[in-house]
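When reading the values below, keep in mind they use all heavy atoms of this one structure, side chains included, and skip hydrogens, waters and symmetry mates.
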Amino acid sequence: KEIFVVTKEVAPVGVVSRTITLSGKITKDTTLFAKDVNYLSGIVYITKGVTLTIEEGAKVQGKSGLDVASLVITRGAKIIAKGTAEKPIVFTSAEGVGSRAPGDWGGVVICGRAPNNLTGIAELEGGYKGFHGGTVADDNSGSLKYVRIEYAGIPLNPNQEINSLTMGSVGSGTKLEYIMASFGLDDSFEWFGGTVNGKYLIAYKGTD
C-alpha cells in the first residue's frame, strides 16, 4: 500500500509549510521541500519507476520506536537528493535536539541492478525486503550530493543491520558525492556488490 500523508498545516509569516509523513510504499513521483517538516515512519519503499526528489536544504527525520524508520530505494527506483555546501540535505533523528542518539532510526538504503558476486537477485541482511542485484553495470539509482545522514543504524537481527547508508548492487550511473555519515550505531557506509563510485565520503563517530 501507499501512504503519503499531510498531517498538519502551519503558516509562518510569508511561508506556507506542512508536516509530511511518508510511510509504506510510495508509488508516484514525490518531492520533499525544505520549507516542510518531513518525517519517515516505518520502512518507506520508493518503488520501481518512481523518483523521490529532495530539495536542497531539506531535513528528513526518521521516527524511532517499535516501527523504526528507514528509507529504501528499491531496484529501478531513484532518489534525487542534491544539496549544496550552503544548503545540505540532512537525514536525522526525529528526536529533539539534545535527545538524539545513535540508532534512533534505520538509515538510507539504495538497492540497484548492478552485478555482485552472487547469482540472481539477493536480499540485504536484516530481512526487510532489500532485494538487489542484476547485470546492469551502469544502473542509475539517482544522485546524493551534499547529504548528511546522522543518528542512524539499527540491528534488525544479530549481526544484521541497516547502516547509515547501505548500498546493494548500486550501479555506476548513480552519483554519490559529498556525503557525511555521522553518529551511526553501525557502519557509516556499507556496500554489497555493485559498481558505483563515491567521492568525498566522510564517516564520523560511527560505532562500527
Side-chain angles (χ1 to χ4, degrees), residues 22-26 40-48 50 52 60-79 81 91-94 101-137 139-142 144 147-174 176 179-198 201-208:
L22 298 185
S23 180
K25 295 181 179 180
I26 306 303
L40 303 173
S41 179
I43 299 180
V44 178
Y45 297 91
I46 308 303
T47 59
K48 181 179 179 180
V50 173
L52 174 66
V60 183
Q61 302 176 72
K63 293 188 176 182
S64 57
L66 294 177
D67 193 17
V68 68
S70 294
L71 177 63
V72 179
I73 310 303
T74 66
R75 296 174 74 248
K78 288 185 179 180
I79 179 172
F91 290 89
T92 189
S93 165
D104 274 350
W105 65 291
V108 178
V109 180
I110 304 176
C111 298
R113 299 175 291 189
N116 55 53
N117 64 349
L118 302 175
T119 301
I121 306 302
E123 184 177 6
L124 291 169
E125 61 183 27
Y128 56 92
K129 300 180 180 179
F131 298 108
H132 65 103
T135 59
V136 186
D139 190 39
N140 182 0
S141 295
L144 272 68
V147 170
R148 190 166 79 242
I149 305 169
E150 57 187 26
Y151 302 108
I154 58 167
L156 297 177
N157 298 302
N159 298 316
Q160 296 186 350
E161 303 91 5
I162 294 180
N163 309 277
S164 295
L165 180 58
T166 305
M167 293 158 284
S169 302
V170 178
S172 61
T174 308
L176 304 174
I179 302 173
M180 181 175 184
S182 53
F183 304 107
L185 185 63
D186 200 69
D187 294 315
S188 297
F189 304 94
E190 187 163 2
W191 287 262
F192 295 82
T195 54
V196 68
N197 293 302
L201 307 181
I202 298 174
Y204 180 68
K205 289 194 174 181
T207 302
D208 206 348

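- We find the CD1-CG distance between Ile149 and Leu144 to be 6.5 Å, quoted to the nearest 0.5 Å.
- In this structure, Trp105 and Ser64 have side chains that are not in contact, with every pair of non-hydrogen atoms separated by 4.5 Å or more.
- The distance from the CG atom of Asp104 to the CD atom of Glu150 is 10.0 Å, given to the nearest 0.5 Å.
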Please output the side-chain donor-acceptor pairs of residues 108-116 that fall under 3.5 Å, not counting sequence neighbours, one pair per line with the distance.
residue : atom : partner : partner atom : Å
Arg113  : NE   : Asp139  : OD1          : 3.1
Arg113  : NH2  : Asp139  : OD1          : 2.9
Asn116  : OD1  : Leu118  : N            : 2.7
Asn116  : ND2  : Ser169  : OG           : 2.8

- Query: Can you check side-chain contact (heavy atoms from CB on, under 4.5 Å) on Leu124 and Thr166, steps first, answer last?
  - Reply: CA-CA 9 Å; Leu124 291 169; Thr166 305; 4.1 Å; yes
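- Considering CG of Leu165 and CG of Leu176, their distance stands at 6.5 Å, rounded to 0.5 Å.
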Per-pair distances, 0.1 Å, donor-acceptor, side chain in residues 179-197, under 3.5 Å, sequence neighbours excluded:
residue : atom : partner : partner atom : Å
Glu190  : OE1  : Asn163  : ND2          : 2.9
Thr195  : OG1  : Ala137  : O            : 2.5
Thr195  : OG1  : Ser172  : N            : 3.0

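- Side-chain contact between Leu52 and Val44 is absent, with no heavy atoms from C-beta onward closer than 4.5 Å.
- Ser41 is linked by a side-chain contact (heavy atoms from CB on, under 4.5 Å) to Thr21, Ser23, Lys63, counting only residues two or more places apart in sequence or in another chain.
- Without hydrogens or angle criteria, Glu123 side chain to Lys129 main chain gives a donor-acceptor distance under 3.5 Å.
- Residue Thr47 holds its OG1 atom at 10.0 Å from CD1 of Ile73, rounded to the nearest 0.5 Å.
- Applying the side chain to side chain donor-acceptor pair (under 3.5 Å) test to pairs two or more places apart or on separate chains, none has a residue in residues 69-79.
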